[in-house]
Amino acid sequence: MSSWSIESLNPIQRKIVEHKTGPALVIAGAGSGKTRVITHRVAELIHSGIPASSVLLLTFTNKAADEMAQRVGRTLKNSIDQQKIVHGTFHSVGSRFLKRNAKLLNYKNNFSILDSSDSRDLIKASLAETIGKPGKYFPKAAVLQNIFSLAFNRFCTQQMILDLPYHERSFHIEQFISADYPHFEENIETILNVLITYRRKKRRGQVMDFDDLLENWLELLLRHGDRLPLCQQIQYILVDEYQDTNQVQANILYRLSWPHKNLMVVGDDAQSIYSWRGADFGNMLEFPERYKAVTFYMEENYRSSPEILESANQIINYNTRQFEKNLFSSLPRGEKPLVHHVWSSQDEAELVLDNILNYRDQDISLNQMSVLYRNHVQSATLQVVLTHAGIPFVVYSGVKFFEQAHIKDLTAFLKVLFNPLDEIAWMRLLQLLPGIGNNTAHHIFSIFQSQQAVRLTKDNGELQKLIPKKALESWNVLLEIFQEMLNESVTPSHMIGILYQNFYREVLFNSFENASQRETDIRYLEEFAGNYVKLEAFLNDLSLVGSSIITEHETDQQENQETLTLTTIHQAKGLEWNVVIVIGLTEGLFPHQRSLETEAQIEEERRLFYVAMTRAKRHLHITAPVVSSGYSGGISQRSRFISELTEETINNEIHTRDEYSFGNHRETTQFYF
């Protein structure tokens, strides 16, 4: 082996890079340098005479695959070899296999690939062809799309692929709906018929969606793998983040590596946190036995202080299904992680702000600080507190909390209550009613404008003529809700509760694929609104937060601007900061209420906490509020994970309850009944 490859590697990393042939499992602990090992492994294979085109490198993003291939080229000082490496995601490499061999599966080589939007449109067409106009309680196309994809990723097996024609494969959709979407059980037969129609349309139209790329790639390997030129070309396979593979991907790797057995998979079972999207934790646990593989442990961490690692090790050791490991670091010792015991989410937000200001005074940049949480709803109060304090922040947890569709739907109701002539709010609200589209909504609002007031009465003949028959029932419910909420004693929190229970819950569960998660968001919007007495103050703060959040794109454009990062732990995986504050360690929040049914679910929640802890380099803070009305309606227990951290590895700090005041002014709205 050449000297360039070993100078920066520790002894275990060197053994992995020098591994010759045969299957190997690399358990790469957090911060242990796995990317360096993978790129050096590929470089060493090529340097030893293996053609670059014989190496397959699979990752979970094309960006990561391209960056690794470029690093190999820089290491070898040969960009030509870098370009010859077969690399990409499972979907992109699968597409390459299928484009070359589509005829073997009765496809044309110029088949089209549906993006998510195209797939949803084809499901809409399948829905119309199968049952015409769906009933009020039938899931929309976006919900069906999610059901079909998750059922495939969780239940697709080799036997199911081979035993049934393409359009008849259901992937145990009945079992999946009963477990995850029980409110649609009465529609199972119809949903199955829509799936069959959708798959027929895809086959007939010579198109594949993202799941088809995996399903058809696996079928291609099972039926014709021995005679595919690309299979014969590939002799060495490396896979990053193996703990995140699903059953289909694991079976693809098994068939691809069958002739030569030169499969090396790299990952960390302690960071397996994506079962909700089909990842199968068992793929990694079963790898040594399935392949009779050699196992390497990378346990030296180059990111975090020894104290942070000691507390993280203590947490993850409570899991029983895992590869035992013990992260260690040669970095200088620092301070123990600090657990703050606070009263409420408001106290928690104020405490987070205090810590951020203190670290900034110590010349630690906001760019080197992050606040992590289990669910982005937990950042709602913090976003308002940071906004008032003038702390710029960027939200990496998907769509910003107050800008999510279901949150904007509910706040549209409140905006209409505060300003009955708010056109944008009315347009959004009206189109939630069945049968009312953009044109009808405009006609209705034009009546409001012409009258210069909103007269919501059942005997308003001009208005009643515009309401479609299928929307009349919902419209009348709205009239009653509005009348109830005009009472001056009704607070913003009560308004949200009334709206949700009497009208919006039905809309939510028939419109969104992750309705249960969104329902949790609404509970916490209601809880957050409880901090306000008057509607005006509540709406003003929502507007302020929306205008103060810096987007990810804006952050890229403003490299010199310091910003604090707010993100879910799932989004934070693979990232690191000098200061990390993990909030919301309350039972029912973290671990999440929906993850308390089985020990396997609790262990995944614990792995998620472990991921959060190991994002910190020098300073780790954990907050544990005891008041959370989202589930208990009052006092909650602190997370079980807090009790698993002993005084040997953490410091505890008890904070007394403080009172915080909010604006309470509300002007009278002008409604007529």
Side-chain angles (χ1 to χ4, degrees), residues 114-156 167-202 207 209-212 215 275-278 398-399 404-410 428-437 468 470-471 473-474 477 499-523 594:
L114 302 175
D115 63 20
S116 182
S117 177
D118 295 334
S119 171
R120 192 159 51 250
D121 288 342
L122 192 59
I123 291 173
K124 286 181 183 177
S126 304
L127 190 57
E129 182 177 314
T130 306
I131 60 174
K133 290 188 177 181
K136 188 176 180 181
Y137 300 106
F138 197 82
K140 293 186 177 180
V143 180
L144 291 173
Q145 182 182 35
N146 198 61
I147 290 173
F148 296 163
S149 182
L150 279 176
F152 165 78
N153 280 287
R154 290 186 186 176
F155 296 108
C156 183
H167 69 275
E168 293 181 11
R169 298 169 191 164
S170 67
F171 315 118
H172 291 307
I173 204 162
E174 302 95 330
Q175 175 183 343
F176 177 68
I177 290 174
S178 295
D180 285 44
Y181 293 85
H183 45 288
F184 292 139
E185 277 191 290
E186 63 183 43
N187 296 310
I188 283 178
E189 185 176 349
T190 307
I191 292 173
L192 181 56
N193 289 334
V194 174
L195 174 61
I196 291 172
T197 303
Y198 173 56
R199 293 178 73 83
R200 279 181 176 149
K201 279 183 171 292
K202 286 189 292 181
V207 298
D209 61 22
F210 289 153
D211 293 326
D212 291 327
E215 179 184 347
S275 66
W276 49 274
R277 68 184 188 195
V399 180
Q404 297 175 106
H406 54 300
I407 300 300
K408 290 181 73 70
D409 287 345
L410 283 171
R428 187 177 194 101
L429 187 161
L430 289 168
Q431 291 183 76
L432 295 176
L433 276 63
I436 294 185
K470 64 190 305 184
E473 180 183 348
S474 297
V477 169
L499 286 166
Y500 183 66
Q501 293 302 326
N502 293 284
F503 177 82
Y504 193 71
R505 190 176 191 278
E506 181 182 299
V507 175
L508 185 79
F509 276 88
N510 290 296
S511 302
F512 297 102
E513 66 275 14
N514 55 345
S516 295
Q517 179 180 325
R518 292 174 187 259
E519 184 175 48
T520 301
D521 291 348
I522 292 169
R523 288 175 182 170
R594 293 195 303 271

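Excluded from the calculations below are hydrogen atoms, water molecules and symmetry mates; all remaining heavy atoms, backbone and side chain alike, are included. Bear in mind the structure is a predicted one, so any value in this text is a computation, not a measurement.
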Student: For Arg428 versus Ala405, what's the shortest heavy-atom pair and its separation?
Tutor: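 That closest heavy-atom pairing would be NH2-O, 3.2 Å.
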
Student: Grab the two heavy atoms, one from Ser126 and one from Val194, that are nearest each other, plus how far apart they are.
Tutor: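 Reported closest heavy-atom pair: CB-O, 4.0 Å.
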
Student: Has Asn153 got a side-chain atom pairing as donor or acceptor with Leu150's backbone, closer than 3.5 angstrom?
Tutor: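 No, the answer is negative, given that no donor and acceptor are paired below the 3.5 Å cut-off.
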
Student: Between NE2 of His406 and CG of Leu432, what distance do you get to the nearest 0.5 Å?
Tutor: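 Going from the NE2 atom of His406 to the CG atom of Leu432 covers 13.0 Å.
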
Student: Please tell me if the side chains of Phe138 and Leu144 come closer than 4.5 Å, counting only heavy atoms from C-beta onward.
Tutor: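 Result yes, sub-4.5 Å side-chain heavy-atom pair found.
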
Student: Is any NZ, NE, NH1 or NH2 atom of the basic residue among Arg199 and Glu215 found under 4.0 Å from an Asp or Glu carboxylate oxygen of the other?
Tutor: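 Salt bridge flag = yes for Glu215 with Arg199.
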
Student: Between the side chains of Thr130 and Tyr198, is a donor N or O closer than 3.5 angstrom to an acceptor N or O?
Tutor: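 No, Tyr198 and Thr130 have no side-chain donor paired with an acceptor closer than 3.5 Å.
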
Student: Which label fits Tyr181 and His183: parallel for a plane angle under 30°, tilted from 30 to 60°, or perpendicular past 60°?
Tutor: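 The arrangement is tilted - the two ring planes meet at 30° to 60°.
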
Student: Which heavy atom of Ser474 sits nearest to which heavy atom of Pro434, and what is that distance?
Tutor: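 In terms of heavy atoms, the two residues are closest at OG-CD, 3.9 Å.
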
Student: Side chains of Lys140 and Asn510: does their closest heavy-atom pair fall under 4.5 Å?
Tutor: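 Side chain of Lys140 against side chain of Asn510, heavy atoms only: no contact under 4.5 Å found.
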
Student: How long is the gap from NE2 on His167 to CG on Leu195, to the nearest 0.5 Å?
Tutor: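 The distance works out to 11.0 Å.
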
Student: Residues two or more places apart in sequence or in another chain: which of them pass side chain to side chain donor-acceptor pair (under 3.5 Å) with Asp121?
Tutor: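 In terms of side chain to side chain donor-acceptor pair (under 3.5 Å), with neighbours along the sequence ignored, Asp121 is linked to no residue.
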
Student: Decide side-chain contact (heavy atoms from CB on, under 4.5 Å) for Phe503 and Leu433; before the verdict, give the C-alpha distance in whole Å, the side-chain angles of both, and the deciding distance to 0.1 Å.
Tutor: CA-CA 10 Å; Phe503 177 82; Leu433 276 63; 3.8 Å; yes

Student: So which heavy atom on Phe210 is nearest to which on Asp115, and how close?
Tutor: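 Nearest pair, atom of Phe210 first, then Asp115: CZ-CA, 4.3 Å.
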
Student: Is the shortest side-chain heavy-atom distance between Thr520 and Arg594 below 4.5 Å?
Tutor: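 SC-SC contact between Thr520 and Arg594 confirmed.
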
Student: Carefully, step by step, assess Ser149 and Asp211 under the rule side chain to side chain donor-acceptor pair (under 3.5 Å).
Tutor: CA-CA 7 Å; Ser149 182; Asp211 293 326; 2.8 Å; yes

Student: Could you check Asn146 against Phe512 for side-chain contact (heavy atoms from CB on, under 4.5 Å), going step by step and ending with a plain yes or no?
Tutor: CA-CA 9 Å; Asn146 198 61; Phe512 297 102; over 6 Å; no

